[in-house]
Amino acid sequence: TGLEKYIDLDIEHINDKFPETATFLGEVCKELKRLNPRCEISHAPQPPYFWSSFGNVYDLIYKNYKQYFDFFNIQYYNNNLCNNFKEIFIKSYENVAPQTSILELINRDYYPGYLVLGKTIENESNSENGYVPLTEMTNIVKTAFNTTSLSGWSKTGGLMVWYFSTQNLNSENNKELLNYFKTTSQF
């Protein structure tokens, strides 16, 4: 069957050996692209891994290997506060992951098309971990699309959701999720 068309590298608990980890993950991407140049490859980092306290792991990956992967599914959840327009898009929560909002990453020379905003879905998390109800998240995304300084992101960036269980396909959560994507795709 060959390699899949899409691979997401969701690497957790990078606690040391930051440069070595960045090189390893970059080389994995390089080899995957060599094996299948059409394969889309993404990383799913949490914002702190763009910060010096965690060795700037994803800064190193982006700087040295961006030609070998396609985008970041940035997990703006499970990192304490990150649950309003300002913290997600304009100025990140300084005590957890400074300089990691969408605009701050763009201002650090990240191409907006590499930045996919990831959030968790209802009942999968709580507000202390970045959970935002989808109706509120829709308004946050709409505000981002109407913010001039985010125009590059609104043209090329994207949205991702982390959803733990779809067991009840007719549930209100699933209907709300489909409505979220339908609405945000029209901005």
Side-chain angles (χ1 to χ4, degrees), residues 8-26 28-29 41-66 68-122 124-134 136-145 147 149-154 156-164 184:
D8 181 52
L9 299 169
D10 186 352
I11 311 300
E12 305 285 340
H13 306 291
I14 304 169
N15 296 319
D16 61 1
K17 299 183 181 178
F18 302 120
E20 295 89 345
T21 299
T23 299
F24 171 74
L25 292 174
V28 167
C29 293
I41 300 169
S42 66
H43 290 268
Q46 295 178 5
Y49 292 107
F50 290 92
W51 184 38
S52 61
S53 288
F54 287 90
N56 297 311
V57 170
Y58 284 95
D59 283 348
L60 294 171
I61 293 170
Y62 182 76
K63 177 182 174 189
N64 297 318
Y65 294 96
K66 66 183 169 199
Y68 301 111
F69 69 97
D70 300 283
F71 55 92
F72 291 115
N73 281 317
I74 303 173
Q75 297 178 31
Y76 286 100
Y77 52 91
N78 295 331
N79 300 287
N80 294 327
L81 297 176
C82 194
N83 55 11
N84 60 55
F85 171 77
K86 180 183 174 191
E87 290 169 352
I88 297 167
F89 283 101
I90 304 300
K91 183 164 177 52
S92 59
Y93 186 62
E94 291 293 319
N95 292 339
V96 176
Q99 302 295 308
T100 59
S101 71
I102 297 289
L103 184 59
E104 289 170 319
L105 289 170
I106 291 168
N107 289 339
R108 289 171 49 198
D109 294 325
Y110 280 81
Y111 177 67
Y114 273 78
L115 306 176
V116 174
L117 161 65
K119 292 301 275 181
T120 187
I121 298 302
E122 188 168 9
E124 306 299 333
S125 191
N126 60 48
S127 62
E128 285 99 32
N129 287 326
Y131 163 69
V132 177
L134 284 176
E136 188 177 331
M137 197 63 216
T138 301
N139 290 329
I140 289 171
V141 171
K142 184 175 184 177
T143 301
F145 271 76
T147 301
S149 60
L150 294 167
S151 64
W153 178 83
S154 64
T156 61
L159 302 171
M160 175 272 283
V161 296
W162 185 82
Y163 195 16
F164 180 72
T184 57

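Positions are given from 1, in the same order as the sequence printed here.
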Worked check of side chain to side chain contact (heavy atoms under 4.5 Å, CB included) between R108 and D59: CA-CA 9 Å; R108 289 171 49 198; D59 283 348; 2.4 Å; yes
Within the 3.5 Å criterion, strictly below it, is a donor on E136 or N83 matched to an acceptor on the partner's side chain? no
Nearest heavy-atom pair of N15 and Y49: which atoms, and what distance? OD1-OH, 4.4 Å
Should the ring pair H43 and F72 be called parallel, tilted or perpendicular, given that the plane angle runs from 0 to 90° and is split at 30 and 60? tilted
Report the C-alpha separation of Y110 and L115 in whole Å, then their side-chain angles, then the decisive distance to 0.1 Å, and conclude whether the side chain to side chain contact (heavy atoms under 4.5 Å, CB included) test is met. CA-CA 8 Å; Y110 280 81; L115 306 176; 4.2 Å; yes
So, taking the atom named CZ in F85 and the one named CE in M137, what distance separates them when rounded to the nearest 0.5 Å? 10.0 Å
OG1-CG distance between T184 and N139, expressed to the nearest 0.5 angstrom: 11.5 Å
Stepwise, does the side-chain hydrogen bond (donor to acceptor under 3.5 Å, both in side chains) test hold for D70 with S42? CA-CA 6 Å; D70 300 283; S42 66; over 6 Å; no
Whether the side chain of S92 engages the backbone of A97 through a donor-acceptor N/O pair (distance < 3.5 Å, no angle test) should be reported. yes
Ring geometry between Y114 and Y111 (parallel below 30°, tilted from 30 to 60°, perpendicular above 60°): perpendicular
Rounded at 0.5 Å granularity, tell me how far OG1 in T23 sits from CG in N64. 7.0 Å
In Å, rounded to the nearest 0.5 Å, how long is the span from SG of C29 to OH of Y68? 10.5 Å
Output for pair (Q46 CD, N73 CG), nearest 0.5 Å, gives 13.0 Å
So V161 and Y77, side chain to side chain contact (heavy atoms under 4.5 Å, CB included) or not? Walk me through it. CA-CA 10 Å; V161 296; Y77 52 91; over 6 Å; no
Worked verdict on L117 versus I74 for side chain to side chain contact (heavy atoms under 4.5 Å, CB included): CA-CA 6 Å; L117 161 65; I74 303 173; over 6 Å; no
Less than 4.5 Å apart, any side-chain heavy atom of Y76 and any of I102? yes
Minimal non-hydrogen separation, P98 against V96, with atom names: CD-C, 3.9 Å
Nearest heavy-atom pair of F18 and I14: which atoms, and what distance? CE2-O, 3.6 Å
Heavy-atom closest contact (L25 atom, Y58 atom, distance): CD1-OH, 3.8 Å
Is it the case that the side chain of K66 and the backbone of I61 share a donor-acceptor pair, with hydrogens and angles ignored and the cut-off at 3.5 Å? no
Nearest atoms (heavy-atom pairs only) where N84 meets K86: OD1-N, 3.1 Å
Shortest non-hydrogen contact from L105 to F50? CD2-CD2, 4.0 Å
Under the 3.5 angstrom rule, does the side chain of S101 hit a backbone N or O of E104 as a donor-acceptor pair? yes
Take the angle between the ring planes of W153 and F89 and call it parallel below 30°, perpendicular above 60°, tilted in between. perpendicular
Gap between atom CG of L103 and atom CD1 of I88 - 0.5 Å precision: 13.5 Å
Is there a donor-acceptor contact under 3.5 Å from the side chain of Q75 to the main chain of A44? yes
